Number of protein chains: 2
Amino acid sequence: MTNSTPRQRARLETEAQITRIGNRMLDDDGLDGVSLRAIARELGIVSSAIYRYVKNRDELLTILIRDAFTSIADDVDEALEDDTSVLTVGVTMLAWSRRHPNRWALIYGTPVPDYQAPRDETVVPGTRIMVTLTTLLSQSSAHRTPNTQVPPAHALDVLREGLRELGLEPDDQVIMRTVTVWAAIIGLINALRFGQFGPGIELVEDELMQGLTSTLGY
Amino acid sequence: MTNSTPRQRARLETEAQITRIGNRMLDDDGLDGVSLRAIARELGIVSSAIYRYVKNRDELLTILIRDAFTSIADDVDEALEDDTSVLTVGVTMLAWSRRHPNRWALIYGTPVPDYQAPRDETVVPGTRIMVTLTTLLSQSSAHRTPNTQVPPAHALDVLREGLRELGLEPDDQVIMRTVTVWAAIIGLINALRFGQFGPGIELVEDELMQGLTSTLGY
DNA sequence: CATTTCAGAGAGCAGTGCTCTCGTTCACCG
DNA sequence: CGGTGAACGAGAGCACTGCTCTCTGAAATG
């Protein structure tokens, strides 16, 4: 007993098709290429009918964003099973960004204008890697950075509170190191993906990530 | 003798007005708010007439990008006169990004789709800060990072060549440190401007930058 | 079998960048 | 001083977007 009417099955199939087409259009033509009208056209449907399945364009974006965050976090988790290191986090994210540059831009680049991410839908998958990195840095604790002076306690209050909600209680030293490593990794990948180092860098991306984590002391 | 016809003066004035309005629209409404039609409307001109002054939208973007790069680099240069330090570079860029978040996104965020920056016009102002940072890190040379292993020599070839064209010849250690510091600073500011740390961070941005440079060993 | 729900069609609105054609006016030059 | 070509502006139009509204036909529900 399938316990579902043909209409229900057709709807689920259509919904799945929409996100699939949306992801493909994102990969191929960037976010500007993701057009509800074009999706409707590909579905053999008139443009207004698409709104039976998707409230508006923002709702589609939310789906694509959640997908992307989940995909990259899955990759990182899987890679860490073989080798638990900061470098692995970096190169895995870097490889993912190479495979899906437009998805990368969607989640770590300039926020989409006028789009407000619904916290409940995107925050959890969006913070997975950061949580992973924090625990990773907690373990390889007093690694180096001896004479590092942590900013005044109250400065990290917001971050400390945010991490607590995610089930973590790292000390300020670890928080500050996490922020630094995170900013450096994201910053490097952004610089590479966005072409800020000029052409020709694509061939040695991994070596740069290696040098970065090494320079950071990991 | 002004040596210029009224028409020439009017044209220059109009051109200046266009970039002024464009910058304002960028600040107020983001890049999507920068519309040639809207500018024409504000000039009291019909939409097609704007193309007498600007070839197309991309040409206007080039102007705005060059302006932004020049503005932030000027700020950094000025600040370094008082205090020559990595932290100063960071907090000055951070302050500028706070004042002009949309301009920041334009030059350091996701590249504008389908826009190709004309190298001659934007590369020079766009690399000024990086050059400054490189020389700065060359001087405070063997600061720390003892057991840091630099990536294989060929990996940095492209960067070394790019820096040479800009009149610099730093060793690989310095290059790698520059890349790391640069990625971290840009990454932190991006994370702050793009809201990736959640709300409430705005109040302690400077402390985070302080902690970051300190964690980096500067 | 009647009723309600739902998928789709079609027209329409406002906005964008950009092109093309047609007058008008200004600057220059013989 | 008068003619000419370049510059400027107006206006219509094309293709595209997101989104709304109304209407029709078919499927699921009672």
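Quick note on labels: first sequence line is chain A, next is B, and so on, each numbered from 1. Excluded from the calculations below are hydrogen atoms, water molecules and symmetry mates; all remaining heavy atoms, backbone and side chain alike, are included. Note that the coordinates shown come from a computational prediction; the quantities given were computed from them, not determined experimentally.
Using modelled atom types, one finds no donor on one side chain facing an acceptor on the other under 3.5 Å when comparing Arg66(B) with Thr122(B). With no hydrogens or angles considered, no side-chain donor-acceptor pair links Thr92(B) and Asp75(B) at under 3.5 Å. Judged by distance alone, the side chains of Thr62(B) and Tyr115(B) do bring a donor and an acceptor atom under 3.5 Å apart. Under the 3.5 Å distance criterion, with hydrogens and angles disregarded, no donor-acceptor pair is assigned to the side chains of Ser138(B) and Thr135(B).
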Per-nucleotide protein contact string for nucleotides 19-30 of chain C, where B marks a base within reach and S marks sugar-phosphate only (heavy atoms under 4.0 Å, - for neither):
BB----BBSS--
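A 4.5 Å side-chain heavy-atom check between Asn102(B) and Leu31(B) finds every atom pair outside the cut-off. In this structure the side chain of Glu169(A) never reaches within 4.5 angstrom of the side chain of Arg160(A), judged on heavy atoms. Taking 4.5 Å as the limit, some side-chain heavy atom of Tyr218(B) sits within range of a side-chain heavy atom of Arg177(B). Contact annotation: the side chain of Leu208(A) approaches that of Leu159(B) to within less than 4.5 Å [non-hydrogen atoms, C-beta and beyond]. Put simply, the side chain of Ile175(B) does not reach to within 4.5 Å of the side chain of Thr134(B), judged on heavy atoms.
The distance between atom CG of Asp114(B) and atom P of dT17(D), rounded to the nearest whole Å, is 14 Å. In this structure, the CG atom of Leu12(A) is 14 Å from the P atom of dC6(C), given to the nearest Å. Between Glu15(A) atom CD and dC6(C) atom P there is a gap of 13 Å when expressed in whole angstrom units. Computed from coordinates, the Ile50(B) CD1 to dG11(D) C1' distance equals 16 Å when rounded to whole Å. Spacing between atom CD1 of Ile39(A) and atom C1' of dC19(D) amounts to 15 Å, rounded to whole angstrom units. At whole-Å resolution of the value, OH in Tyr115(A) and P in dT17(D) are 21 Å apart. Note: CZ (Arg9(B)) to C1' (dA7(D)) measures 16 Å, nearest angstrom. In this structure, Leu31(A) atom CG and dG18(D) atom P are separated by 11 Å, rounded to whole Å.
A donor N or O paired with an acceptor N or O is not found under 3.5 Å between the base of dG15(C) and the side-chain atoms of Arg37(B).
Checked against dC18(C), dG8(C), dC8(D), the side chain of Tyr53(B) finds its nearest nucleotide in dC8(D).
Relative to the axis of its first five pairs, the axis of the last five pairs of the helix from dC1(C)-dG30(D) to dG30(C)-dC1(D) sits at 10°, rounded to 10 degrees.
Contact check, Arg11(A) against dA27(D): no side-chain N or O comes under 4.0 Å of OP1 or OP2.
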